Amino acid sequence: MPRYRPHVAARPSWRCRVCGAAWPCSPARLGLLGEYRENRTGLLIYLGTLMVEAMTDLNGQIPPAALTDRFLTWARAR
């Protein structure tokens, strides 16, 4: 049986260490939603903090609006 590997960001590229997709990838998003299922505000604060770190690491390579979509928009309550 394959061992589970968490889908975490490789810095400074902010790509998933497991699947290579832009982080947070779909499996990472699913895991984060499960982990923070009772605390959506906490999830958004955590993701906002990581987004600021990504902006620094990526040094303007990705526009801020794109990073906002990538890190925050998907996690908002619907």
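Predicted model, so just to flag it, every value in this text is computed and none were measured.
Residue pairs meeting the salt bridge (Lys or Arg N to Asp or Glu O under 4.0 Å) criterion with at least one partner in residues 12-26, sequence neighbours excluded, do not occur; the list is empty. Residue pairs meeting the side-chain hydrogen bond (donor to acceptor under 3.5 Å, both in side chains) criterion with at least one member in residues 58-68: none, sequence neighbours excluded. Note on residues 41-68: pairs passing salt bridge (Lys or Arg N to Asp or Glu O under 4.0 Å), not counting sequence neighbours, are Arg11-Glu53, Arg11-Asp57.
Residues Trp14 and Ala9 come closest through the heavy atom pair CE3-CB, 3.6 Å.
Every residue two or more places apart in sequence or in another chain that forms a side-chain contact (heavy atoms from CB on, under 4.5 Å) with Pro64 is listed here: Met55.
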Side chains of residues 21-30: which donor-acceptor partners sit under 3.5 Å, not counting sequence neighbours?
from  : atom 1 : to    : atom 2 : distance (Å)
Trp23 : NE1    : His7  : O      : 3.0
Arg29 : NE     : Pro24 : O      : 3.0
Arg29 : NH2    : Arg70 : O      : 3.2

What side-chain donor-acceptor pairs closer than 3.5 Å can you find for residues 43-51, not counting sequence neighbours?
from  : atom 1 : to    : atom 2 : distance (Å)
Thr49 : OG1    : Ile45 : O      : 2.9

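To the nearest 0.5 Å, atom CG of residue Leu72 and atom CG of residue Leu67 are 9.5 Å apart.
Follow the hydrophobic side-chain contacts under 4.5 Å out from Leu58 and you never reach Val52; the two are in separate clusters.
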